[in-house]
Structures are given as C-alpha cells and as structure tokens.
There are 2 protein chains.
Amino acid sequence: MNTVIQYLLKEQRLRNTRFRQAILQTLDHQASPISAPDLLRKLQISGYSINKTTVYREMDILLAKGLVEEVRFNEDVRRYELKSAHHHHLICQTCQKIEEIAFAHDLSDKEAEILATKKFKVLKHSLEFFGLCESCQKKCK
Amino acid sequence: MNTVIQYLLKEQRLRNTRFRQAILQTLDHQASPISAPDLLRKLQISGYSINKTTVYREMDILLAKGLVEEVRFNEDVRRYELKSAHHHHLICQTCQKIEEIAFAHDLSDKEAEILATKKFKVLKHSLEFFGLCESCQKKCK
DNA sequence: TTGACAAATGCAACTAAGTTGCATAATAAT
DNA sequence: ATTATTATGCAACTTAGTTGCATTTGTCAA
Ligand SMILES: [Mn+2]
Ligand SMILES: [Mn+2]
Ligand SMILES: [Zn+2]
Ligand SMILES: [Zn+2]
C-alpha cells in the first residue's frame with residue numbers, strides 16, 4: 001500500500017492527503033468490493049468528517065489512474081476494489097456474502113472467437129455468479 | 001406474442017390492458033434490452049399517456065412471472081428483455097450498440113466445479129463483453 | 001347487463017446514488 | 001514565504017426507482 005502512495009505522489013500528480021490515505025487503506029483492508037455510500041459511512045464511523053463528493057471524486061481519480069476497478073453485482077450501486085489479478089465473484093443472494101474466485105479457465109479463447117466471428121473487439125468482460133453460499137444452502141433445507 | 005397474452009390472461013391472473021399490451025409488444029420488437037426510462041419515453045412518443053410508476057410496476061410483474069429478464073451493462077439503469085434462450089451480450093463502449101451472442105460454450109461445467117471446490121451453489125450468472133463493434137474499430141484507427 | 005371484487009393506474013411525495021459549480025483550503029515545489 | 005495546482009465542502013441539482021393512497025378499469029359471475 002505504501003508503494004501505491006509513493007507511486008501516486010511521484011509518478012502521478014496526486015497529493016498525499018489524509019482522505020486519500022484513508023480511502024486507499026480502507027479499500028486495501030476490504031475483503032470484497034465496496035460501494036461509495038458504504039465507504040463514506042465506514043470512513044465517517046472511523047472519525048473522518050469527509051464529504052460524499054470527495055469520496056465520489058476520489059473513486060473517479062483512482063479509476064482513471066487504474067488503481068481501482070469498478071464492479072457491479074446487479075445492484076443499483078457501483079462497487080470498487082483495488083485492482084489486482086483478474087478474477088470474478090460469487091455473490092450469495094441470501095446473505096449478500098461475496099467471495100472472490102480466481103477463474104483459471106480464462107475467456108481469451110472465447111474473445112478471440114468473438115473477434116473472428118462477430119468482428120467485435122473485446123476490451124473487457126464481466127462475469128459474476130449469483131447463488132447460495134455454503135451456510136445459506138444449509139439454512140434453506 | 002399473442003400466446004404470451006393468452007398465457008397471462010388464462011394461467012396467471014393478469015388483465016389484458018392496453019399498457020400491458022403496448023409494453024409487451026415494445027419489448028418484443030426491441031433488438032436489445034431496454035431500460036424503464038427509455039421504455040417510458042418510447043411509449044409516450046407512441047402516444048400512450050402512461051405513468052412511470054406503471055412501467056416500473058409492470059416490469060416487476062413481468063419479472064415475477066418470469067416473462068422478462070433483467071440485465072445490467074455497467075450502467076446506472078436496469079435493462080429488460082423478453083426471456084428467451086440463455087445468451088450474453090457484446091456492448092460497444094463507443095456507440096453503445098448491443099449485440100446478442102449465443103454462448104455455445106456453456107458454463108455449467110464451471111458451475112459444477114464451483115460447487116465442488118467452493119461449496120457455492122450457482123443459481124445464475126451474468127457474462128457481458130465490453131469493447132468495440134466493427135464500425136467503431138475502423139473509426140478509431 | 002349489471003354489480004362486485006381485484007387488479008391496474010395516476011399522482012405526489014419520497015429515497016438514494018451520483019454530479020456539478022463555485023468558493024475556500026491544503027499541498028508541494030520554487 | 002509565494003505561488004500554482006490539487007483537494008475539499010457545500011448546496012443545489014439530476015435521475016432512477018419506490019410507496020401510499022385515491023380512483024379507474026377489467027373480469028367474471030349472478
Ligand atoms: Mn474482487
Ligand atoms: Mn439479449
Ligand atoms: Zn449466504
Ligand atoms: Zn460501436
């Protein structure tokens with residue numbers, strides 16, 4: 001995370017502010033993608049008197065710099081996670097628990113096929129799985 | 001489409017109203033999933049003085065009855081399409097054109113693997129491809 | 001055909017996510 | 001310290017979607 005801060009300061013022309021630090025740290029400690037409203041609440045609970053506009057703007061900046069990725073889980077909110085190795089998610093429709101899944105089987109073959117047959121150049125894809133986590137399966141029996 | 005109306009009337013206890021007819025017909029003529037606001041606008045342009053609440057409620061009903069499917073393309077709106085064979089979409093990030101893709105390679109093997117290794121029971125998935133359609137590729141050269 | 005009942009609709013008021021303009025404050029380099 | 005630039009707060013705004021309640025409409029059975 002410190003290397004990220006260093007990168008931001010030196011390479012990009014982003015300043016080292018307490019809010020930016022707090023946001024990056026929160027994202028780093030996050031087990032699953034978090035929404036801007038949730039991030040705002042979390043920061044406020046932690047004692048930061050930060051404005052929602054700042055949070056939204058910071059997500060825009062981090063997205064533009066490629067440090068953060070936006071994901072959607074069929075909700076009315078955007079979620080964000082620190083960019084890492086490409087992966088997908090398992091979203092429990094009962095308890096909302098989110099699990100990451102490193103998708104070994106990659107889709108680049110498929111994307112090549114799409115270019116060949118449909119002449120469509122795939123730049124990115126989203127693949128998310130919705131269902132029941134282990135504990136919710138047991139409860140629903 | 002008429003069979004759908006019949007089904008609604010007989011099997012379900014839904015009434016045959018002009019708005020329901022217009023909505024189903026519009027969805028049927030639609031080449032790609034449409035949002036509620038767009039659907040509302042389209043109906044109003046066609047001369048229907050229909051309220052947005054009616055559109056939203058109708059989508060809820062059709063979803064509940066399983067006649068319609070909700071899809072999301074990393075936008076802030078929900079889109080709807082008449083339920084049909086399982087498929088995915090190619091979304092052009094430049095001109096917003098949406099193309100359907102019948103995904104031969106199905107993910108049920110993967111979903112079985114997820115159940116085995118992660119104990120997560122997949123009920124559904126979403127897979128969408130974002131990139132450049134043929135004509136937008138040419139323009140961007 | 002009529003009347004009753006349930007479903008459908010309109011309207012207004014509301015929530016929630018996200019955006020924008022503008023004024024002020026904080027940062028980093030000189 | 002001065003200065004240029006970035007960051008922030010605030011208020012006002014837009015848009016998607018929801019809700020309660022009163023009214024209208026469709027269906028079906030008498
Ligand atoms: Mn993730
Ligand atoms: Mn489709
Ligand atoms: Zn669960
Ligand atoms: Zn295009």
Side-chain angles (χ1 to χ4, degrees), chain A residues 4-26 33-44 46-65 67-80 96, chain B residues 4-27 33-44 46-65 67-68 70-80 96:
Chain A
V4 171
I5 301 273
Q6 293 314 308
Y7 165 79
L8 287 177
L9 272 51
K10 306 285 177 186
E11 306 302 318
Q12 309 296 327
R13 70 183 45 119
L14 296 186
R15 291 174 179 175
N16 189 13
T17 68
R18 63 208 165 104
F19 292 152
R20 178 161 291 142
Q21 278 184 19
I23 287 173
L24 284 169
Q25 199 167 323
T26 306
I34 189 173
S35 68
D38 282 350
L39 180 54
L40 177 64
R41 271 185 286 275
K42 193 166 244 191
L43 289 167
Q44 285 172 338
S46 301
Y48 293 93
S49 86
I50 183 175
N51 190 275
K52 72 169 178 171
T53 309
T54 304
V55 173
Y56 281 108
R57 281 201 275 237
E58 188 61 24
M59 301 324 289
D60 287 345
I61 291 169
L62 296 178
L63 272 174
K65 297 296 181 186
L67 293 172
V68 148
E69 212 156 344
E70 189 182 299
V71 297
R72 308 233 186 189
F73 297 150
N74 289 5
E75 301 167 306
D76 290 333
V77 288
R78 313 170 191 177
R79 287 174 179 261
Y80 305 91
Q96 319 306 325
Chain B
V4 170
I5 301 272
Q6 293 313 311
Y7 165 78
L8 287 176
L9 272 51
K10 307 283 176 186
E11 305 300 318
Q12 311 295 327
R13 73 180 45 121
L14 297 186
R15 292 175 179 175
N16 188 13
T17 67
R18 63 208 165 107
F19 292 152
R20 178 162 292 142
Q21 278 184 15
I23 288 174
L24 284 170
Q25 199 167 325
T26 305
L27 289 176
I34 189 174
S35 68
D38 283 349
L39 180 53
L40 176 64
R41 270 184 287 273
K42 193 163 245 192
L43 289 166
Q44 285 172 338
S46 301
Y48 294 92
S49 85
I50 182 174
N51 191 273
K52 72 169 178 171
T53 310
T54 304
V55 172
Y56 281 108
R57 280 200 276 237
E58 188 62 22
M59 301 323 290
D60 287 345
I61 290 170
L62 297 178
L63 272 173
K65 298 296 182 187
L67 293 173
V68 148
E70 189 183 300
V71 297
R72 306 230 187 192
F73 297 151
N74 288 4
E75 302 165 307
D76 289 333
V77 288
R78 315 171 190 174
R79 287 175 179 260
Y80 305 91
Q96 320 306 325

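So that the names make sense, note that chain A is the first sequence line, chain B the second, and so on, each numbered from 1.
- If you measure from atom OH of A:Tyr48 to atom P of D:dT8, you get 12 Å, rounded to the nearest angstrom.
- Between A:Lys65 atom NZ and D:dA7 atom C1' there is a gap of 14 Å when expressed in whole angstrom units.
- Atoms CG and CG, on B:Leu67 and B:Leu24 in that order, are 7.0 Å from each other to the nearest 0.5 Å.
- Here the options are B:Val71, B:Leu39, B:Ile34, the test is side chain to side chain contact (heavy atoms under 4.5 Å, CB included), and the partner is B:Arg79; only B:Val71 passes.
- Of the two residues near DNA chain D, B:Thr17 and B:Val77, the one whose nearest nucleotide lies more 5' is B:Val77.
- Contacts of A:Thr54 with the nucleic acid, taken as non-hydrogen atoms under 4.0 Å apart, involve only primed sugar atoms and P, OP1 or OP2.
- Heavy atoms only, all atoms of each residue included: B:Phe73 and B:Pro33 are closest at CZ-CG, 4.0 Å.
- In this entry the distance linking CG of A:Asn16 with P of D:dT8 reads 11 Å, nearest Å.
- In this structure, CG of B:Leu62 is placed 13 Å from C1' of C:dA8, rounded to the nearest angstrom.
- Rounded to an integer number of Å, the gap from CZ of A:Arg20 to P of C:dA26 is 16 Å.
- Counted within 6.0 Å of OH on B:Tyr48, heavy atoms from surrounding residues, nucleotides or ligands total 12 or fewer; the atom is thus considered open.
- Taking the side chain of B:Thr53 as heavy atoms from C-beta on, and the options D:dT18, C:dT19, C:dA8, the nearest nucleotide is D:dT18.
- Judged purely by atom type and a 3.5 angstrom limit, B:Arg20 has no side-chain atom pairing as donor or acceptor with the backbone of B:Glu58.
- At least one donor-acceptor pair closer than 3.5 Å links the side chain of B:Arg72 to the backbone N or O of A:Glu75.
- With DNA chain C read from its 5' end, the first of the two nearest nucleotides for A:Asp60 and B:Glu58 is the one closest to B:Glu58.
- Remark: B:Arg13 is not in phosphate contact with C:dA8, judged by side-chain N or O atoms under 4.0 Å from OP1 or OP2.
- Between B:Asn51 atom CG and D:dG17 atom P there is a gap of 15 Å when expressed in whole angstrom units.
- Checked against D:dA16, C:dC22, C:dA17, the side chain of A:Arg57 finds its nearest nucleotide in C:dC22.
- Listed nucleotides: C:dG18, D:dG9, C:dA7. Nearest to the side chain of B:Arg15: C:dA7.
- Listed candidates were D:dT18, C:dG18, D:dG17. Nearest to the side chain of A:Tyr56 is C:dG18.
- Distance CD (A:Gln44) to C1' (D:dG9): 12 Å, rounded to an integer number of Å.
- Ionic pairing of A:Arg57 and A:Asp60 is not present here: no N-O contact between side-chain nitrogen and carboxylate oxygen is shorter than 4.0 angstrom.
- Proximity of residues 67-76 of chain A to DNA chain C (heavy atom under 4.0 angstrom from any strand atom) is restricted to A:Asp76.
- What separates CD of B:Gln21 from C1' of C:dT9 is a distance of 16 Å, to the nearest Å.
- Mapping B:Ile61 and A:Arg41 onto DNA chain C by nearest heavy atom places B:Ile61 at the nucleotide closer to the 5' end.
- Of the residues near DNA chain D, B:Tyr80 and B:Arg18, the one whose nearest nucleotide (by heavy atom distance) lies more toward the 5' end is B:Tyr80.
- The distance from the CD atom of A:Gln25 to the CZ atom of A:Arg18 is 14.0 Å, given to the nearest 0.5 Å.
- When distances are taken from the side chain of A:Phe19 to each of C:dA8, C:dC11, D:dT8, the shortest belongs to D:dT8.
- Distance from the side chain of A:Lys52 is smallest for C:dA17 among the nucleotides C:dG10, D:dA7, C:dA17.
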